Undergrad: 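After the structure tokens below, expect a handful of questions from me.
It should be emphasised that the depicted structure is a prediction, and the values quoted were computed from it without experimental measurement.
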2 protein chains.
Amino acid sequence: MPRPRGTHDARAELRGRAATINDIARLAGVSKKTVSRVINQSPLVRADTREKVETLMREVGYVPDPMARGLAFRRSFLIGMIYDNPTAQYIVDIQYGALDALRDSGFELIVHPCDSRSPGYIDGVRRFVQLQKLHGVMLVPRVSEDQALADMLDELGCRYARIAAVALDSPERMVVTHDRDGGAEVADYLQTLGHRELAMITGPATYRSAMERSEGFIGALRRRGIEIPPERLAEGGYTFESGVAAAERLLALPAPPTAIFCGNDEMAAGVYRVAVRAGVRIPQQLSVVGYDDSPLATRLWPPLTTVRRDTRDTGRMAAALLLQNSTASGVRLSVRPHLVVRDSCGPPA
Amino acid sequence: MPRPRGTHDARAELRGRAATINDIARLAGVSKKTVSRVINQSPLVRADTREKVETLMREVGYVPDPMARGLAFRRSFLIGMIYDNPTAQYIVDIQYGALDALRDSGFELIVHPCDSRSPGYIDGVRRFVQLQKLHGVMLVPRVSEDQALADMLDELGCRYARIAAVALDSPERMVVTHDRDGGAEVADYLQTLGHRELAMITGPATYRSAMERSEGFIGALRRRGIEIPPERLAEGGYTFESGVAAAERLLALPAPPTAIFCGNDEMAAGVYRVAVRAGVRIPQQLSVVGYDDSPLATRLWPPLTTVRRDTRDTGRMAAALLLQNSTASGVRLSVRPHLVVRDSCGPPA
DNA sequence: CTGAAAGCGCTTACAG
DNA sequence: CTGAAAGCGCTTACAG
């Protein structure tokens, strides 16, 4: 079966070499500028010319060279992902989500962890963004909460998408995760189970997510007439060890809580640890709720009731924001947390 | 305090604009080709010329544009990380390690997950490598075990570094993790504790790591005169759920094992789950060993005895291999697993 | 040891 | 709607 003539000729001409814009122009009998217009979807090309060029590009499998294009554009086709030190699962989920959005877009994802406590970190990001001429960057909590970083990017003219618990920026630069709602939902759930003596282990007060989760929790309880006394509020560091330390303190209280809400699953695992060692049974003697719905939640026994975040969606949205041409679009800009009930909560003893 | 004159002049000339090779050439009073030679560390530059150019580059903070350089070189300054579906912690650790090695090298890491079971995946990687003109790729298990993928990269002339349990390739392309040794160490440990009735939940037989771990375990036991009967060998899928299923089968055996070695921590967590539900106490009635030393190992109760892999080092070595100019070098090409004893093992009941 | 010319594969700015 | 010229910031190939 003979191939279509055009294809054969075009392929033969190239002799296995990757096609360039010059090849396409020559084979199509147009100037390279016209091919460039087709590549860049300029409306200033006659329909039949466009058709001819597009067919040819498809036939020879031509894809423009990102480095050449980037050099001419003075901007690369790379998206940077900037993050400080979230959990491994969170990083990976954001990455997968971002890659979902970037698939077949011609953009690639380049990862850039950094230490937001080190003094020169903003300069480090600046050098990275400038040198690579990034098309845009995704800012993951908690660097996403750093206004100085956002200001620097703005000054550089680098687009960015911030992932944060609340809207810290204009809508086209934000993916909002509404952590306050998650905290409130936990409050409602525990209240409905009958708990009145509640405690919370919050994340670091310097994290917006931590503040939102705890304020959502405390606020919702207050609206239902329940107050958490100060000694039942412990600040943790989002780590297992800090969860252990906080739980030890809370369970040693003269009037220990009947339920503990933890700012994340890692700290909830810390509560589990203390409970086992102290012989406190979950959920019979103590209810525990986490936040994240990490894989850990289902590995623990009993399986942990926790708040799920759609992290992969979050990453997808953030990357999609960076690819948009117009500000107006159908991209969803927020993601809602929701409670996943498992077996770590029951009515108070 | 007046600045050194040279610096001031050079900076003033640029007026905030990023310097190019032309600026450096002009300011240094040499041709751009000479500057290029300095950039590329050519020996064909007189020492004082080099010194003059280097000083100037430092003063104005000149760094060559990777896209321009890449276009001229026909090769980018990007390293690709290709992986299938390892655990989140593993992916992130390899990434951190790779970034350690790439720091200040001018190279960046671009992530590329793929599905090695999908038929077109090798073509997908080929397009990725060709389009981005990658400097090299890191192959993480299990894609690292795919000879067809390695052959394709070889044909493309793309350098690669394979991370695998055994040497599948020439030394300058391998980071070997010696999983067999890890399995053997577990055997020795359990044997020393007095166990004779052993079981193993292996990873998928299609994973080289899984085979190495189990063969190391079984072989070491055999050398000590202990055989594992076939019904005590269960194949899992490196997942929690498969660990649960395998453990249920093993513990229901007429003569259940006194110790179970699991091909990874996730499956060990599955064994824990079954043990809790069946009222089997760890380590009093059942000893359990995992592999990975993932964060999960210390979140479980009792803390899991497991085999640690230095994953970050592994990633660092793989990336370092790709940066090397000569084959001969001081880069270490292998990493040794070692047992981390915690509280999940004891003498048999 | 150093440099002028041409080129990497695209786009911008200007014409028509 | 289309194209010829110049340029993005580097390197290669060739001279000297």
Undergrad: Please classify the nucleic acid contact of B:Tyr62 as base, sugar-phosphate, or nothing, using heavy-atom distances under 4.0 Å.
TA: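 Sugar-phosphate: the residue B:Tyr62, judged by heavy atoms under 4.0 Å, touches backbone atoms but no base.
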Undergrad: When the distance from CE of B:Met67 to C1' of C:dT11 is rounded to whole Å, what number comes out?
TA: 12 Å
Undergrad: Would you say B:Thr55 and B:Glu51 are linked by a side-chain donor-acceptor pair, where the criterion is simply a distance under 3.5 Å?
TA: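 Yes - a donor-acceptor pair under 3.5 Å links their side chains.
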Undergrad: Mind checking whether A:Val176 and A:Leu333 have side chains closer than 4.5 Å, heavy atoms only?
TA: no
Undergrad: In whole Å, I'd like the distance from the NZ atom of A:Lys33 to the P atom of D:dA6.
TA: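 About 16 Å, once rounded to whole Å.
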Undergrad: Does B:Ser36 make a side-chain N or O approach to OP1 or OP2 of D:dT11 shorter than 4.0 Å?
TA: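 Checking D:dT11 against B:Ser36, a side-chain N or O does come within under 4.0 Å of OP1 or OP2.
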Undergrad: Between atom CD1 in A:Ile21 and atom C1' in D:dG7, what is the gap in whole Å?
TA: 15 Å
Undergrad: I want to confirm an ordering. Mapping A:Ala72 and B:Val45 to their closest nucleotides on DNA chain C, which one lands closer to the 5' end?
TA: B:Val45
Undergrad: Please report the distance, rounded to the nearest Å, between CZ in B:Phe73 and P in D:dG9.
TA: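 Answer to the nearest Å: 17 Å.
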Undergrad: Measure from CG on B:Leu44 to C1' on D:dA13 and round the result to the nearest Å.
TA: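 Rounded to whole Å, this separation is 14 Å.
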Undergrad: Counting just side-chain N and O atoms, does B:Arg69 come under 4.0 Å of either OP1 or OP2 of D:dT11?
TA: yes
Undergrad: Rounded to the nearest angstrom, tell me the gap between atom CG in A:Leu71 and atom C1' in D:dG7.
TA: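 Atom CG in A:Leu71 sits about 9 Å away from atom C1' in D:dG7.
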Undergrad: Whole-Å distance between D:dC10 P and B:Arg26 CZ?
TA: 13 Å
Undergrad: Shortest non-hydrogen contact from A:Ala19 to A:Ile24?
TA: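 Minimum heavy-atom separation between A:Ala19 and A:Ile24: CB-CD1, 4.5 Å.
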Undergrad: Let's test your reading of the model: under 3.5 Å, does the base of D:dG9 pair with the side chain of A:Arg74 as donor and acceptor?
TA: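 Between D:dG9 and A:Arg74, which were checked side chain against base, a qualifying N/O pair under 3.5 Å is absent.
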Undergrad: On DNA chain C, check which nucleotide each of B:Ser31 and B:Ala68 is closest to and give me the residue with the more 5' one.
TA: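 It is B:Ser31, whose closest nucleotide lies nearer the 5' terminus.
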Undergrad: Which class fits the ring pair B:Phe77 and B:Phe107: parallel under 30°, tilted 30 to 60°, perpendicular over 60°?
TA: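 Answer is tilted, since the angle falls between 30° and 60°.
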Undergrad: Side chain of B:Lys32: nearest nucleotide among D:dC1, D:dC10, D:dA4?
TA: D:dC10
Undergrad: Counting only side-chain N and O atoms of B:Thr34, is one of them less than 4.0 Å from OP1 or OP2 of C:dG3?
TA: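 So the side-chain polar atoms of B:Thr34 do come within 4.0 Å of the phosphate oxygens OP1 or OP2 of C:dG3, strictly under.
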Undergrad: For the side chain of A:Arg37 and the base of D:dT2, is some donor closer than 3.5 Å to an acceptor across the two?
TA: yes
Undergrad: Classify B:Asn22 by what it touches in the nucleic acid, base, sugar-phosphate, or nothing, heavy-atom distance under 4.0 Å.
TA: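 No contact.
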Undergrad: Strictly by Watson-Crick or wobble contacts shorter than 3.5 Å, is anything paired with D:dG3, and which nucleotide is it?
TA: C:dC14
Undergrad: Is B:Thr20 near enough to D:dG9 that one of its side-chain N or O atoms lies under 4.0 angstrom from OP1 or OP2?
TA: no
Undergrad: Could you state the CG-C1' distance from B:Asp65 to C:dC8, rounded to the nearest angstrom?
TA: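 That distance rounds to 13 Å.
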Undergrad: Any side-chain N or O of B:Thr49 less than 4.0 Å from the OP1 or OP2 oxygen of C:dT2?
TA: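 Yes, within the criterion.
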Undergrad: If we ignore angles and hydrogens, is there a donor and acceptor under 3.5 Å between the side chains of B:Tyr121 and B:Asp146?
TA: yes
